[in-house]
Amino acid sequence: MSLVASSLSFNKIQPPVYGKLVTILSIDGGGIRGIIPATALEFLEAELQKLDGKDARIADYFDLVAGTSTGGLVTAMLTAPDANNRPLYAAKDIIPFYSKHGPHIFPQKNGIIGSVENTLVQLGNPKYDGKYLHKLIRDNLGQARLNDTLTNVVIPTFDIKNLQPTIFSSFETKISPAFNALLSDICIGTSAAPTYFPAHYFTNDDGSGNSAEFNIIDGGVAANNPALIAVGEITKQVFRKDPNFAPIKPMECGRLLVVSLSTGSAKQEQKYTAQMAASWGRFGWLIQGNSTPILDVFDQSSKDMVDYFLSVIFQSLYSEDNYLRIEDISLVGNSASVDVSTKENIDDLVEIGQKLLKGPYSRVNLRTGVPEPIANGGTNEDALKKFAKVLSDEQKLRRTNAAEQNKSDA
């Protein structure tokens, strides 16, 4: 380890005003498939530790971490403080977390009787009662609130009473204190996927004695890929003339560094066909075997449109090297489901994540909308190594500039 690396302090990320970039990490929703981006996060954090020491954590390098549904839970795990004011979980702890708790969050009922029972339950109730998940979240996050996170976070939800997205953003807590809710309530809400878990209701004091109420479900219905919301939150701070973002201009994507991690999607020709869907009514769109077609459609369209839009923006401004999207679009069978938590499927998802790292670094083709390997682009591992170096250099630059500024102020 270098002398520079060993002397780094990871108490708080220095703001972008001291550097050249604004760094964003985005993690999609996808239930048990959160194992796939967790594999990339573990690799990225390990590379950062090679550069800056074993205490380096994801939260030390990103100005904003955004996550929806299972990605929101991972976001909280990576950014919520422990007793030592360091991240509650290291990236390497996320896959073991899913392996241990996944089968209890998504208890499986196998066989013909189990399948019939699942179908009957879904007709009148959510597939899962959520009790294990809710207790797990509350036990882990305790009394931590949104403004307690070690870096800025954004977690989308959807308010079914007002029929509009409710975005829980660290930045907004300064303007609207009612949004400074318990992280546990936010994570329970963003994970409340329709038909799978019950909607979540809670209230929060705005600091002036007034109580705000929230009636929320899974943010994936609006933003399963939260990368665009994350970019929007940064842009809002620029418009507001936040001094921490003073060097940045609106839509100056050349100053943004975005790592967007997908939970994967089904191999397109093996999911549904027009011939299949032509005869579906309300029931058919809700239940097809272990899948919920209408949710799959919203899930995939949300993710793809965000990736397409950001790809257009970054490529049009010749900043495509600042945008990394890692995604597997070839999932089949149980691996494409959000709630199959058998040991076999969990092991398969870990293997899929590892193979994805070894797979070619790809970028969406703006004509077809399908990711294609970049010529001489190497693998996703190679891309993450490059991004780790940029992230490390950026934080070293910020610390140097911040120290010099503090000297001059003294």
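Without hydrogens or angle criteria, Ser169 side chain to Val154 main chain gives no donor-acceptor distance under 3.5 Å. With hydrogens and angles ignored, the 3.5 Å screen pairs a side-chain donor or acceptor of Thr400 with a backbone N or O of Lys396. For Asp393 (side chain) and Val390 (main-chain N/O), no donor-acceptor pair under 3.5 Å exists by modelled atom type. Side chain of Asp242 to main chain of Gln237: no donor-acceptor pair is present (N/O by atom type, distance under 3.5 Å, no hydrogens or angles). With hydrogens and angles disregarded, no donor-acceptor distance shorter than 3.5 Å links the side chain of Arg86 to the backbone of Ala83. The main-chain N or O of Leu356 is found under 3.5 Å from a side-chain atom of Asn380 such that the two form a donor-acceptor pair. Asn152 contributes a side-chain N or O that, together with a main-chain N or O of Asp63, makes up a donor-acceptor pair within less than 3.5 Å. Although no hydrogens or angles enter the test, the distance criterion places no donor-acceptor pair under 3.5 Å between the side chain of Asn162 and the main chain of Gln164.
Listed by chain and residue number, Glu351 satisfy the side chain to side chain donor-acceptor pair (under 3.5 Å) test with Lys355 (two or more places apart in sequence, or in another chain). Residues satisfying the side chain to side chain donor-acceptor pair (under 3.5 Å) criterion with Ser362, sequence neighbours excluded, are absent altogether. Annotation: side chain to side chain contact (heavy atoms under 4.5 Å, CB included) contacts of Glu213 (sequence neighbours excluded): Lys161, Tyr201, Thr203, Asn215. Annotation: side chain to side chain donor-acceptor pair (under 3.5 Å) contacts of Asp205 (sequence neighbours excluded): none. Among residues two or more places apart in sequence or in another chain, the side chain to side chain contact (heavy atoms under 4.5 Å, CB included) test is passed with His104 by Tyr132. Contacts of Asp206 classified as salt bridge (Lys or Arg N to Asp or Glu O under 4.0 Å), with partners at least two apart in sequence or in another chain: none. For Asp28, the salt bridge (Lys or Arg N to Asp or Glu O under 4.0 Å) criterion is met by Arg325, not counting sequence neighbours. Residues satisfying the side chain to side chain donor-acceptor pair (under 3.5 Å) criterion with Lys241, sequence neighbours excluded, are absent altogether.
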Run the side-chain donor-acceptor check on residues 181-193: report pairs under 3.5 Å with partners two or more places apart or on a different chain.
residue: Ser184; atom: OG; partner: Arg138; partner atom: NH1; Å: 3.0
residue: Asp185; atom: OD1; partner: Arg138; partner atom: NH2; Å: 2.8
residue: Asp185; atom: OD1; partner: His200; partner atom: NE2; Å: 2.8
residue: Thr190; atom: OG1; partner: Ser69; partner atom: N; Å: 3.0
residue: Thr190; atom: OG1; partner: Pro156; partner atom: O; Å: 2.7
residue: Ser191; atom: OG; partner: Cys187; partner atom: O; Å: 2.8

Enumerate donor-acceptor pairs with a distance under 3.5 Å from any side-chain N or O in residues 39-48 to protein atoms, sequence neighbours excluded.
residue: Thr39; atom: OG1; partner: Ile35; partner atom: O; Å: 3.0
residue: Glu45; atom: OE1; partner: Ala91; partner atom: N; Å: 2.9
residue: Glu45; atom: OE2; partner: Ile58; partner atom: N; Å: 2.9
residue: Glu47; atom: OE2; partner: Lys50; partner atom: NZ; Å: 2.9

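Applying the ring-ring contact (aromatic ring centres under 6.0 Å, His included) test to every pair with at least one member in residues 149-168, sequence neighbours left out, gives these pairs: Phe168-Phe179, Phe168-Phe214. The ring-ring contact (aromatic ring centres under 6.0 Å, His included) analysis of residues 326-362, with sequence neighbours excluded, yields no pairs.
When all heavy atoms are compared, the tightest approach of Arg33 to Ser337 is CG-O, 3.4 Å. Minimum interatomic distance between Phe106 and Gly31 (heavy atoms only, all atoms of both residues): CZ-CA, 4.3 Å. Closest approach of Thr151 to Ala59, counting heavy atoms only: CB-O, 3.8 Å. Contact record, Pro126 with Phe197: CB-C, 3.8 Å, taken as the closest heavy-atom pair.
Contact check on Asp382 versus Lys386 returns no salt bridge, with no Lys/Arg side-chain nitrogen under 4.0 Å from an Asp/Glu carboxylate oxygen. Ion pairing between a basic and an acidic side chain is recognised when a charged N comes within 4.0 Å of a carboxylate O; Glu381 and Lys385 show no such pairing. A salt bridge links Lys135 to Asp139: at least one charged side-chain nitrogen sits closer than 4.0 Å to a carboxylate oxygen. A salt bridge between Lys100 and Asp93 is absent, with no side-chain N of the basic residue lying under 4.0 Å from a carboxylate O of the acidic one.
In summary, of the residues considered (Val65, Asn147, Thr149), a side chain to side chain contact (heavy atoms under 4.5 Å, CB included) with Ser170 occurs for Thr149 alone.
With values rounded to the nearest 0.5 angstrom, Ile352 atom CD1 is found 4.0 Å from Ser335 atom OG.
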